[in-house]
Structures are given as C-alpha cells and as structure tokens.
There are 2 protein chains.
Amino acid sequence: MAVTLADVAARAGVSAATVSRVLSGNYPVAGATRTRVMRAVEELEYVVNGPASSLAAASSDLVGILVNDIADPFFGIIAGAVQSELNGPDGAQGSHKLAVVCNTGGSPEQELTYLTLLQRQRAAAIVLTGGAVEDAEHSAALSARLQRLAAGGTRIVLCGRPPLGPALPGQRGPQGHGELPVLTVAFDNRGGARRLTEHLLALGHRAIGYVAGPAERTTTRHRLEGHRSALLEHRGGPVREAEPLTVHGGGYDRSSGYDGALELLRREPRLTAVLAANDTVALGVCAALRDQGLRIPEDVSVAGFDDLPFSADAAPALTTVRLPLHEAGARAGKLALGRQGPPPGGVATVRADLMVRDSTARPRTD
Amino acid sequence: MAVTLADVAARAGVSAATVSRVLSGNYPVAGATRTRVMRAVEELEYVVNGPASSLAAASSDLVGILVNDIADPFFGIIAGAVQSELNGPDGAQGSHKLAVVCNTGGSPEQELTYLTLLQRQRAAAIVLTGGAVEDAEHSAALSARLQRLAAGGTRIVLCGRPPLGPALPGQRGPQGHGELPVLTVAFDNRGGARRLTEHLLALGHRAIGYVAGPAERTTTRHRLEGHRSALLEHRGGPVREAEPLTVHGGGYDRSSGYDGALELLRREPRLTAVLAANDTVALGVCAALRDQGLRIPEDVSVAGFDDLPFSADAAPALTTVRLPLHEAGARAGKLALGRQGPPPGGVATVRADLMVRDSTARPRTD
DNA sequence: CTGTTAGCGCTTTCAG
DNA sequence: CTGAAAGCGCTAACAG
C-alpha cells in the first residue's frame with residue numbers, strides 16, 4: 001500500500017541501495033543521481049519506514065525521557081531542554097531523533113515497565129530525570145536493567161538524580177574495563193537546602209518548620225540532609241529538636257504543602273518560618289498560612305525550592321533555590337547523544353543558587 | 001548479540017512461530033507449551049525487538065502527542081491524561097503503547113517535521129493538542145499530511161484545537177465514503193471568554209482591557225471573539241472602542257502579560273479590569289499592576305483562562321475559566337485508541353466553566 | 001560511484 | 001494446536 005524504497009528506486013531508475021545511500025547521506029553519490037532520486041522521493045511523497053530501517057541497521061532514532069510527572073513544569077522544562085538538543089547541532093536533516101517522554105507517575109514499577117518498552121524499541125538513549133525511589137530491591141532491579149540497556153548500546157543519562165552506586169564487580173561491562181556506562185547530571189540539593197536554611201538562620205529564625213517530600217525519594221532525603229546540616233552546624237550539636245518540625249508530604253504537590261503547614265502549625269504554633277520541599281509545595285504552604293490568618297513574611301517566612309517560573313510571580317515573590325533546569329536538561333541531552341565528552345567521574349553537578357525574594361524576612365520580635 | 005525469538009524457541013523446544021503466538025497472546029496455544037515458553041523467556045531475559053515486530057506486523061505501538069510547549073502545565077496535564085489511557089483498559093500486559101511527546105514550540109514547521117517523524121515510525125495514533133496556527137498554506141500542508149497519515153492507518157485526534165475544515169472533495173479517503181478520519185475534542189473557548197466578560201460587565205466594569213495571545217492562533221481568536229461578542233451584546237452595537245483595549249502578546253507566557261498590562265495602562269489609565277489570554281499571562285499582568293502600585297482587585301480586577309493548578313493558589317486567587325484538561329486528554333486518548341466510539345460529527349466539545357474567585361470585584365466608584 | 005546479494009527478527013499464512 | 005516457509009522494507013558488505 002505505502003510507497004517503498006523499491007518504488008522510488010524504480011522511478012529514479014537506480015537501485016534500492018542507491019536510494020538508501022542518498023537518503024542517509026553517509027556515502028558518496030553522484031550529484032545527478034542524487035537529484036534524480038530526490039525528485040522521485042518528492043513525487044512519490046516517500047517516507048522511510050522507520051521500523052524497517054531500524055531493524056536493518058540495528059539502531060533506532062528514539063530517545064527515551066523518563067519523568068515523574070509530566071504535568072509538573074519541573075519535568076517539563078527538563079524534558080523540553082533534552083528534546084531541544086535532539087535535533088542535529090546545526091539542524092541537520094538526517095540527525096533527527098524522536099523523544100519519547102514517559103510519565104512514570106513516580107512509580108518504580110512504571111519506571112521499569114517503560115524501560116522495557118524502550119529496550120524493546122532499541123532506544124538510542126534514555127534520560128532518567130528526577131529523584132529516585134530509595135528501595136534496595138527496586139534499585140537493584142533498576143540498576144540491572146540499566147546495565148543491560150547500556151550493554152545493548154543504549155546510552156543512559158541520569159538528570160537530577162544521584163549517580164548509580166558502583167556497578168557490582170564483574171557487572172560493569174563485557175570487558176570489565178573501568179568506564180562507567182551511566183552518566184549523571186546531578187543537582188546540588190544538599191548544598192541548596194543548606195544555604196537556604198542558613199539564610200533563614202541568619203535572619204534570626206529559630207522555629208523553622210520543614211514540609212518535606214515523600215520520604216522514600218532521594219531528592220527528599222538530600223534536601224532534608226542539607227537543611228539538617230545547617231541547623232546542626234548552627235547549634236553546634238545533634239539536632240534532636242528539629243525532628244518534630246519536619247513533616248513528610250505524600251507528594252511534591254500543592255496539597256502536601258497545605259496539609260503539611262497545618263500539621264506544622266499544630267505541632268508548633270510559634271513557628272516563624274517554613275521551608276517547603278519545592279515551589280509547588282511552598283504555594284500550598286502559603287495558602288494554608290493565609291487561611292489561618294497569618295501574613296507572609298510578616299508572621300511567617302516561607303521558602304521553596306527549584307525556582308519554577310511562577311515562583312517569581314507569586315505574591316509575595318518566593319524565596320527559593322534556583323536549579324538550572326534547562327541547562328541541566330540540555331547537558332543531559334548532549335551527553336545522551338554522545339555530543340559532549342563525559343564529565344570527570346561520569347558525574348556533573350550543577351549548582352543550586354539561593355534566590356532571596358520577598359517571602360522571607362526577619363521574624364517578629366514580640 | 002541480543003537474545004532473539006529463535007533463542008527462546010530453541011530453549012523451549014518449540015518453533016519460533018509458537019513463541020511469537022505465546023507472546024502476542026492472540027492465538028490458541030496449549031497451556032503446557034505456553035508455560036514452557038514463558039519460562040524460557042524469563043530465563044533468557046528476552047525482550048521483543050520492536051522494530052522487527054513492527055516491520056513484520058506492519059503496525060507499531062507508538063502514539064504521538066504533539067504539544068506547543070511541554071514546560072507549560074496546560075500541555076503537561078493533557079499529555080499526561082492521554083498517556084494514562086495508553087496502558088490497556090485493565091492494565092493488560094500486551095496492550096502497552098508508548099507515548100511520544102513532541103514539543104513543537106508552537107512552530108508550524110516543527111509540527112510538520114514531527115508528523116513526518118511519526119509517519120516514519122508508522123505511529124498507531126497521533127494526538128495534536130493546543131491551538132493551531134491560522135495560515136492558509138500551513139493549514140493545507142497540515143491537513144494533507146494528516147489525511148495521508150489517516151489513510152495509512154494512523155488514527156488522528158485533535159485535542160483543544162478546532163476541527164479541520166471539511167476535506168477537499170475527493171480527498172477524504174480512498175473510497176470517498178463520508179466518514180471523517182480526524183476526530184476532535186474541542187474546547188469552548190468562545191463561550192468561556194464570553195461568560196468571563198459577562199461576569200466583569202455584571203460587576204460594573206466598563207473599561208476592560210484584554211491581553212490576548214499571539215494573533216495567529218485559533219485559541220487567541222476564539223477567546224477574543226467570545227470576549228467581543230459579550231461586549232457587543234452588552235452595548236447593543238459594534239464594539240469599535242473595544243479595539244484599542246486589546247493588545248496581543250508574543251506568547252502565552254508571563255512576560256507577555258507583564259508587557260501587555262503596561263501597554264494597556266498606557267493606553268487607558270482608567271482601566272478597571274484586565275482579561276488575560278490564559279492564567280500564566282494573568283500572573284504577568286498581576287505582577288505588572290502591582291509594580292505600578294495598583295491593588296488587585298481593589299484597583300483593577302484581573303482574570304485568567306484555563307484554571308491551571310497554581311491559579312487557585314495565586315494571591316489573590318485568580319478568577320478564571322476552568323477547562324477540563326485532564327478529562328479532555330483522557331477522552332482524546334480513548335478516541336486515539338479507538339476505545340471509544342467517535343462523537344457525533346466527529347467533534348466533542350468540552351465545557352468551559354467560569355470560576356469566580358478573589359481577583360475580580362466591583363470597580364471603584366470614585 | 002553503483003548494483004547485487006544477503007540478511008536484520010519477527011509475524012503470518014498455509015499445511016499438517 | 002504446532003511447524004515450515006515466505007516475506008515485511010531497509011541496510012551493508014562485497015563486487016564491479
């Protein structure tokens with residue numbers, strides 16, 4: 001039914017091989033032949049059969065991008081950046097890669113399922129974004145699957161998630177030579193959270209609540225660790241009292257922030273500041289505080305994390321930690337295409353800058 | 001290198017055909033054989049070669065989703081909803097489809113490019129989301145490409161974009177029988193904008209500014225038409241004066257709102273209300289007004305469109321028009337998979353409900 | 001520079 | 001219910 005290479009070849013009066021060569025453009029072909037072929041292609045409106053060429057060439061132009069929540073701009077920005085790198089450096093015709101954005105919903109099972117699907121498609125590369133679930137069993141399964149994919153020629157890049165633990169001995173590659181098959185673009189979540197907490201401490205806050213993300217995620221843990229380390233350093237001892245002022249939300253969403261803030265207020269009515277797992281959670285926190293008749297920042301300071309576009313426009317503008325999402329995604333995209341040499345140690349860490357805006361201020365002194 | 005069907009067949013002591021039948025599960029196979037095959041599959045960690053099976057079966061399990069801006073939750077929500085419909089109705093094993101989310105950046109060329117890429121992959125279905133660019137040449141090219149895709153067996157669904165004009169005579173299908181090949185889930189942008197404007201009018205506003213989206217998009221035009229029709233009806237005549245109070249932003253983004261509001265204020269300092277192209281633009285409008293020392297809604301009322309999650313949490317909570325994005329995406333997904341019969345006329349229109357919140361109030365009476 | 005010749009790995013009649 | 005065999009449409013040696 002559809003027009004095939006052979007049809008084009010017949011029309012142009014050449015062999016199928018020649019047409020293939022013209023189309024892929026990686027082989028010398030006489031100018032006259034080339035134009036003749038191209039004309040036949042146009043006249044017939046020929047479109048390559050992807051599956052057939054992938055099968056024959058044992059390669060595909062699909063690149064997988066795994067995200068926890070596609071409706072969250074955090075992931076949208078990263079995915080968009082990765083995708084923007086996928087079209088040839090100079091907009092070259094042939095080098096078009098197709099991004100397959102997979103929405104795992106943060107579920108480990110879905111993550112594995114999608115990896116299987118991508119393996120089935122013989123994806124050229126896969127970028128896994130966002131924090132990982134910390135579960136020994138899942139980590140092992142994930143790691144194994146990733147190793148197999150890498151062994152099959154699929155490039156693997158982690159973006160915004162911590163590097164994989166060292167490969168088990170004898171598992172790192174067919175030849176066992178030291179090259180890590182999995183590259184990482186990591187966020188400095190610890191450092192960012194530490195600086196944010198230090199900022200609050202410097203303003204004079206002492207009763208600081210923290211609405212953390214889901215307990216089992218690496219991002220949650222790292223940000224919390226940064227927060228705790230700042231408190232610890234400031235007090236010069238283990239932070240026992242900090243514990244009760246941390247609540248874990250069910251997700252990185254608005255309602256977790258709302259509920260979390262209420263819970264925090266119940267535990268410690270004299271709270272003067274609340275740190276949120278991210279900007280979206282912070283918005284929920286703000287809503288809850290306002291509903292309780294508290295002003296921001298006069299009564300309670302609030303800070304987020306990520307610096308998503310809407311944060312600067314919130315009222316009051318949100319103090320937060322800026323993560324260079326676009327830059328990180330672009331970097332991951334380049335690494336995925338092998339367009340950029342691997343960073344030292346296979347891990348690139350991008351900075352996390354404190355953005356002080358209007359939602360944080362000195363605590364009331366009454 | 002990779003393990004193939006033949007390997008599995010050998011291990012299970014059956015023919016390749018049998019393994020294929022077990023795996024696709026669409027053909028009677030003896031229970032004992034089936035378990036034997038499954039065991040071999042597990043032991044060998046066999047993963048089907050997608051390209052090969054697509055080639056042989058002349059079909060693929062890829063579903064394309066075209067979005068204008070993947071970083072915008074408007075599209076993220078729709079894409080996520082479509083995707084959630086892609087895994088079998090009951091989570092069935094075999095029916096896994098892979099969503100290919102393509103970020104066109106609103107560019108007609110990119111749109112066409114991605115359609116070619118998807119055609120190359122022989123995508124099972126394609127969902128085009130968001131408003132279309134109104135340009136005769138592009139519309140024709142798009143329509144032609146879509147018809148060809150549909151003719152090739154790819155299901156096409158439009159979500160949040162108006163239905164395609166009627167197919168040119170003799171172009172609608174090989175047989176020419178009346179069935180429309182392209183299904184549509186449309187938003188009631190006109191009605192929503194009209195109701196929103198009526199709300200403002202009812203509050204007593206007369207100097208209403210409008211920060212529209214990019215001029216050439218259908219969504220922009222429809223919302224503007226709804227707005228104008230409400231004004232017209234109210235004044236009982238053609239709205240000549242309304243014209244100067246409309247500015248077009250360069251995009252559906254925050255800065256368009258900011259700049260647009262400033263421009264509006266310059267043209268009409270006595271403005272008492274501003275309608276924005278969407279919620280994101282509205283946030284920019286709010287920021288600009290605040291920067292000018294104006295209070296919302298005391299000095300100026302502001303309203304958005306879409307009702308994205310952050311809108312309810314804005315300060316003040318944004319009056320807007322709620323579009324059932326998730327529902328629409330899910331509907332589109334079902335239609336794309338042929339899991340739901342086509343709506344009458346091939347077009348389903350989803351409602352657009354007015355959400356009155358705190359950013360609109362009666363104008364000052366001084 | 002171009003044509004010929006084998007497959008890539010799977011699905012699918014068609015026989016048994 | 002199972003096997004044998006014939007491609008699906010393209011690419012990649014290998015000759016010329």
Side-chain angles (χ1 to χ4, degrees), chain A residues 1-38 40-41 44-62 94 96 117 119-124 152-153, chain B residues 1-38 40-41 44-62 94 96 117 119-124 152-153:
Chain A
M1 195 198 76
V3 21
T4 73
L5 238 208
D7 299 333
V8 177
R11 175 144 196 143
V14 296
S15 73
T18 300
V19 178
S20 172
R21 294 197 263 252
V22 169
L23 261 26
S24 54
N26 52 10
Y27 208 84
V29 175
T33 323
R34 142 170 283 113
T35 42
R36 205 138 40 84
V37 169
M38 289 313 279
V41 166
L44 265 27
E45 297 191 284
Y46 171 68
V47 174
V48 185
N49 182 319
S53 83
S54 288
L55 172 57
S59 74
S60 100
D61 49 3
L62 257 34
H96 269 314
L117 252 29
Q119 185 178 354
R120 174 177 304 181
Q121 299 296 334
R122 305 299 189 251
Chain B
M1 196 197 75
V3 19
T4 73
L5 239 208
D7 299 333
V8 177
R11 175 142 194 146
V14 297
S15 74
T18 300
V19 177
S20 171
R21 294 199 262 251
V22 169
L23 260 26
S24 54
N26 52 9
Y27 208 83
V29 174
T33 321
R34 145 169 281 110
T35 41
R36 205 139 39 85
V37 169
M38 289 313 279
V41 167
L44 263 28
E45 296 191 285
Y46 171 68
V47 174
V48 185
N49 182 317
S53 82
S54 288
L55 172 57
S59 75
S60 99
D61 50 2
L62 256 34
H96 270 314
L117 252 28
Q119 184 177 354
R120 176 178 302 182
Q121 298 297 333
R122 303 300 188 253

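By convention in this document, chain letters (A, B, ...) are assigned in the order of the sequence lines, proteins followed by strands, and residues within each chain are numbered from 1.
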Is there a side-chain contact between A:M38 and A:T35 (heavy atoms, below 4.5 Å)? no
With B:L5 as reference, evaluate B:V48, B:V41, B:V19 under the side-chain contact (heavy atoms from CB on, under 4.5 Å) test and give the passing residue. B:V19
Can you list every pair that meets salt bridge (charged side-chain N to carboxylate O under 4.0 Å, His left out) and has a residue in residues 46-58 of chain A, with sequence neighbours left out? none
Is B:S20 close enough to C:dT11 that one of its side-chain N or O atoms is under 4.0 Å from OP1 or OP2 there? yes
Contacts satisfying salt bridge (charged side-chain N to carboxylate O under 4.0 Å, His left out) that involve residues 45-59 of chain B (not counting sequence neighbours) are A:R148-B:E45
To the nearest 0.5 Å, how far apart are CD in A:Q121 and OG in A:S60? 7.0 Å
Has the side chain of B:R36 got a donor or acceptor atom that lies under 3.5 Å from a matching backbone atom of B:A12? yes
Axis deviation across the helix from C:dC1-D:dG16 to C:dG16-D:dC1, five-pair ends, to the nearest 10°: 30°
Has the side chain of A:S54 got a donor or acceptor atom that lies under 3.5 Å from a matching backbone atom of A:G50? yes
Residue pair B:V29/A:V47 against DNA chain D: nearer the 5' end by closest nucleotide is B:V29
Report, one pair per line, the protein and nucleotides 3-6 of chain C atoms (nitrogen or oxygen only) whose separation is under 3.5 Å.
{"residue": "C:dG3", "atom": "OP2", "partner": "A:S15", "partner atom": "N", "Å": "3.0"}
{"residue": "C:dG3", "atom": "OP2", "partner": "A:S15", "partner atom": "OG", "Å": "3.2"}
{"residue": "C:dG3", "atom": "OP2", "partner": "A:T18", "partner atom": "OG1", "Å": "2.7"}
{"residue": "C:dG3", "atom": "N7", "partner": "A:R21", "partner atom": "NH2", "Å": "2.6"}
{"residue": "C:dG3", "atom": "O6", "partner": "A:R21", "partner atom": "NH1", "Å": "3.2"}
{"residue": "C:dG3", "atom": "O6", "partner": "A:R21", "partner atom": "NH2", "Å": "3.3"}

note: A:Q121, atom CD; C:dG9, atom P; distance rounded to Å ~ 15 Å
Whole-Å gap separating C1' (C:dC8) and CG (B:L5): 13 Å
To the nearest angstrom, the CG-P distance between B:L55 and C:dC10 comes to 11 Å
When B:N26 and B:N49 are each assigned the nearest nucleotide of DNA chain C, the 5'-most assignment goes to B:N49
From the set D:dC1, D:dG7, C:dT12, return the single nucleotide nearest to any side-chain atom of B:A57. C:dT12
To the nearest angstrom, the CZ-P distance between A:R120 and C:dG9 comes to 16 Å
Report the residues that fulfil salt bridge (charged side-chain N to carboxylate O under 4.0 Å, His left out) with B:R21, sequence neighbours left out, ordered by chain and then residue number. none
Could you tell me which residues satisfy salt bridge (charged side-chain N to carboxylate O under 4.0 Å, His left out) with A:R11, sequence neighbours excluded, listed by chain and number? A:E43
Rounded interatomic separation in angstrom, taking CG from B:L23 and P from C:dT11: 7 Å
